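First up is the structure itself, then whatever we jot down about it.
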Amino acid sequence: GKYGHEFLEFEFRPDGEMRYRNNSNYKNDTEIRKKAYVSPAVLDELKRIIEDAEIMKEDDNNWPMPDRVGKQELEIKMNGEHICFNTTKLGSVLQVQQSKDP
């Protein structure tokens with residue numbers, strides 16, 4: 001992106017550990033790292049949302065390709081499956097609605 005390698009990452013581990021990382025070079029910011037634990041109910045709800053939305057059956061073939069503006073990535077590892085989606089850095093809901101796969 002405009003400010004270099006920027007990312008926002010959430011990782012949920014089976015033991016309930018949630019890791020948060022935010023790396024931004026905007027105005028020379030430094031990487032922020034936080035760790036917390038969530039309950040089994042929160043993990044179950046996250047899994048339910050992913051399963052109900054059938055995300056693991058989808059693909060990113062009709063999503064806008066990453067470009068010079070940057071890219072956004074969604075990676076999910078669950079129940080022995082692994083999927084990764086990539087798209088350009090989207091700045092508005094209008095960009096999503098105008099894509100081939102809103």
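The figures that follow rest on heavy atoms only: side chains count, while hydrogens, waters and symmetry mates do not. Note that the coordinates shown come from a computational prediction; the quantities given were computed from them, not determined experimentally.
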| Should the pair Trp63 and Phe85 be assigned to parallel (<30°), tilted (30 to 60°) or perpendicular (>60°) ring geometry? | parallel
| Contact check, side chains of Arg13 and Arg19, non-hydrogen atoms, under 4.5 Å | yes
| Pairwise side-chain contact, Glu75 with Ile83, heavy-atom cut-off 4.5 Å (strictly under) | no
Rounded distance [0.5 Å steps], [atom1] in [X] versus [atom2] in [Y]:
| X | Y | atom1 | atom2 | value |
| --- | --- | --- | --- | --- |
| Leu8 | Gln72 | CG | CD | 10.0 Å |
| Lys89 | Lys71 | NZ | NZ | 12.0 Å |
| Met18 | Tyr37 | CE | OH | 11.0 Å |
| Arg48 | Leu43 | CZ | CG | 14.0 Å |
| Ile50 | Met78 | CD1 | CE | 5.0 Å |
| Lys34 | Asn22 | NZ | CG | 11.0 Å |

| How far apart are the closest heavy atoms of Met65 and Thr88, and which atoms are they? | O-CB, 3.3 Å
| Taking every non-hydrogen atom, the tightest pair across Asp59 and Asn61 | OD1-N, 3.0 Å
Is it true that a side-chain atom of [X] and a backbone atom of [Y] form a donor plus acceptor pair closer than 3.5 Å?
| X | Y | result |
| --- | --- | --- |
| Asp60 | Asn86 | yes |
| Thr87 | Pro64 | yes |
| Asp15 | Glu17 | yes |

| task | Treating Ile, Leu, Val, Met, Phe, Trp and Tyr as nodes and any side-chain heavy-atom pair under 4.5 angstrom as an edge, say whether Phe10 and Ile32 lie in one connected cluster. | result | yes
| Joint cluster assignment, Ile49 & Ile76, ILVMFWY side-chain distance < 4.5 Å | no
| query | Can you name the residues that form a salt bridge (charged side-chain N to carboxylate O under 4.0 Å, His left out) with Glu51, not counting sequence neighbours? | reply | none
| task | May I have the step-by-step check of side chain to side chain contact (heavy atoms under 4.5 Å, CB included) for Glu31 and Arg33, ending in yes or no? | result | CA-CA 7 Å; Glu31 183 176 293; Arg33 290 177 183 230; 2.5 Å; yes
| Is the shortest side-chain N to carboxylate O distance from Lys47 to Glu45 below 4.0 Å? | no
